[in-house]
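Labels below follow one simple rule: chain letters A, B, ... track the order of the sequence lines, proteins then strands, and each chain is numbered from 1. Quick note: numbers below take in every heavy atom, side chains included, and nothing from hydrogens, waters or symmetry partners.
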Protein chains: 2
Amino acid sequence: MSRVLVVDDDPQLRRALRITLRAAGFDVVTAEDGRTALAEAAAAHPDVVLLDLGLPDLDGTEVLAGLRPWFTGPVVVLSARGDSSDKVGALDAGADDYVTKPFDMAELLARLRVALRRGTAEPGQARVVTDHFTVDLAAKQVTVDGVPVRLTPTEWALLSELVRSPGRLVGQRELLQAVWGPAYERETNYLRVYLAQLRRKLEPDAAHPRYLLTEPGMGYRFSKDPLPPHPSQAQGGPLEGGR
Amino acid sequence: MSRVLVVDDDPQLRRALRITLRAAGFDVVTAEDGRTALAEAAAAHPDVVLLDLGLPDLDGTEVLAGLRPWFTGPVVVLSARGDSSDKVGALDAGADDYVTKPFDMAELLARLRVALRRGTAEPGQARVVTDHFTVDLAAKQVTVDGVPVRLTPTEWALLSELVRSPGRLVGQRELLQAVWGPAYERETNYLRVYLAQLRRKLEPDAAHPRYLLTEPGMGYRFSKDPLPPHPSQAQGGPLEGGR
DNA sequence: GCCGGGCGTCAGGATCCCGTCAAGACCACC
DNA sequence: GGTGGTCTTGACGGGATCCTGACGCCCGGC
């Protein structure tokens, strides 16, 4: 179930949205002004924010600006103002969609579904867990077998880029651009060096990676479900009876 | 620079969009009906598709359905019909945004920016499934009977080119140009070698392909619905009573 | 029956790519 | 000014990948 944070100063609309969204299977949290919204967003970890622009204390754009540095989920703006300049401003400020009041509830629900469809898939998006290590994206913390591990800034940037989309192949150009910037797209050396460091710190056996996989010529892939241990790891397990 | 595919049957609107989008820094490709749209989407590799729902040959929803199995980028729907049910239908069919005509150009550009900001679809969103193997174009992952299979860059480039238009015959020149570049249009050798490798990795019986089919003298075709198994595969099935 | 074009297969060698290591540069903090 | 940590950069060996040519098969035309 997905959690949505509804930010609106109109009690009636809040109530209507709460009822409808709950009926649609959402877990609903509400806020009536900008400060509360920012606090609730941090506290309740919503998957999506439904944000009214006309708030009593803060301008909607300010709320967006306060949200965007750390909130990675989608933000759908709800506003009575239908001017094109308002829309462009909010969308360029980081909003993912813009719906004008009065709005049709079925359409709003559909747009929420679209926003969630592509927002980070897992509800517990801040934590990625494998059998061997855990990555907490919000706290910037990595633990291996429960023990915290120190990562350098570059290592962290690289790891979070990979872990953000489990199972997906991330191209080397994509990684280099995200971590070092567009000017370094050819320095595949960096990737090799830092992937090796990450594997030394995270993998059970750095020489035979099971989670941080190489796709030769294309890029790297973080796999949640580990590959089977390398055969050379013949630690006399009783199951290896054959041969 | 991003490439956008504009699909609309109105020549005037196409022209206006082409000029405005080009001025906004886009590389513009156009199509005037659904069939052309699907072909262009497969051939031109757009980053985003701007799709009018009222097309002469196909319903817009059909174009969406033809696009979504493999197209990993965002699709923004443009429509004169503003009914809520139309919007919900298109959004749930895989569209990323829905703009009603007449529209404000600045807003449309902002929505295109938003769509592109989010980048490609999540793994699992865009996948081509057959009875025997699955191709996840967003994750760049192929599984045969659920087991991940590793493809080399060239193999992947070739396979994705074929899989992008299921059922359609893709000319050898087209394939060679897409994978190796315009200078290699005569090297049909490459196709034979790499098709064989793909068949070895994907087909149940590489000697009698059922999914990656050869059209002698023309090119190759990916078929979702497999051909019946080859008769020589008489593995004692009860139905193979004869002979 | 003969012939030629197109296709599938195979194996070798050249090339590219990756993992690894180590040394130097840079920076922040003490 | 010293020190520890981090980031860059280069070089090297091993392995995977790509290109290439040769061969045999099938099929349609003559």
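Here the C1' atom of nucleotide C:dC10 and the CD atom of B:Q197 are 11 Å apart, to the nearest Å. Regarding A:E187, its CD atom lies at a distance of 14 Å from the P atom of C:dC18, rounded to whole Å. Computed from coordinates, the B:K201 NZ to D:dA16 C1' distance equals 10 Å when rounded to whole Å. Note: CG (A:L213) to P (D:dA16) measures 15 Å, nearest angstrom. In this structure, A:L198 places its CG atom 14 Å from C1' of D:dC7, rounding to the nearest Å. The distance from atom NE2 of A:H208 to atom C1' of D:dG14 is 14 Å, rounded to the nearest whole Å. Taking atom CZ on A:R150 and atom C1' on D:dG5, their separation rounds to 9 Å, with Å as the unit.
Contact check, B:W180 against D:dC19: a side-chain N or O comes under 4.0 Å of OP1 or OP2. An OP1 or OP2 oxygen of D:dC18 is reached within less than 4.0 angstrom by a side-chain nitrogen or oxygen of B:Y194.
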Item to complete: Using the ring pair (Phe, Tyr, Trp, His ring centres under 6.0 Å) rule, take B:W70 and B:F222 through it: C-alpha gap first, then chi angles, then the decisive distance, then the call.
Response: CA-CA 13 Å; B:W70 58 268; B:F222 164 71; over 10 Å; no
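Between the side chain of A:E203 and the backbone N or O of A:Y211 there is at least one donor-acceptor pair closer than 3.5 Å. The main-chain N or O of A:T36 is found under 3.5 Å from a side-chain atom of A:D33 such that the two form a donor-acceptor pair. The backbone N or O of B:R150 lies less than 3.5 Å from a partner atom in the side chain of B:K201, making a donor-acceptor pair. Not one N or O on the side chain of B:R168 forms a donor-acceptor pair closer than 3.5 Å with the backbone of B:A39. Using a distance-only test at 3.5 Å, with no hydrogens or angles considered, no donor-acceptor pair links the side chain of A:R3 to the main chain of A:D27.
Between A:R68 and A:D96, at least one side-chain N (NZ, or NE/NH1/NH2) sits under 4.0 Å from a carboxylate O, which counts as a salt bridge. Under the 4.0 Å criterion applied to side-chain N and carboxylate O atoms, B:R111 and A:D97 are assigned as salt-bridge partners.
Minimum heavy-atom separation, B:H132 to B:L202: ND1-O, 3.0 Å.
Within the helix from C:dG1-D:dC30 to C:dC30-D:dG1, the inter-axis angle between the opening and closing five-pair segments is 30°, rounded to 10°.
Contacts between residues 152-171 of chain B and DNA chain D, defined by a heavy-atom separation under 4.0 Å, are made by B:T152, B:P153, B:T154.
Rounding to the nearest 0.5 angstrom, the gap separating the CH2 atom in A:W180 from the OH atom in A:Y194 is 6.5 Å. Annotation: the span from A:Q197 atom CD to A:T152 atom OG1 amounts to 6.5 Å, rounded to 0.5 Å.
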Are any protein N/O atoms closer than 3.5 Å to N/O atoms in nucleotides 4-9 of chain C? If there are, list each pair with its distance.
| residue | atom | partner | partner atom | Å |
| --- | --- | --- | --- | --- |
| C:dC7 | OP1 | B:G217 | N | 2.8 |
| C:dG8 | OP1 | B:R199 | NH1 | 2.7 |
| C:dG8 | OP1 | B:T214 | OG1 | 2.6 |
| C:dG8 | OP2 | B:Y220 | OH | 3.0 |
| C:dG8 | N7 | B:R192 | NE | 3.1 |

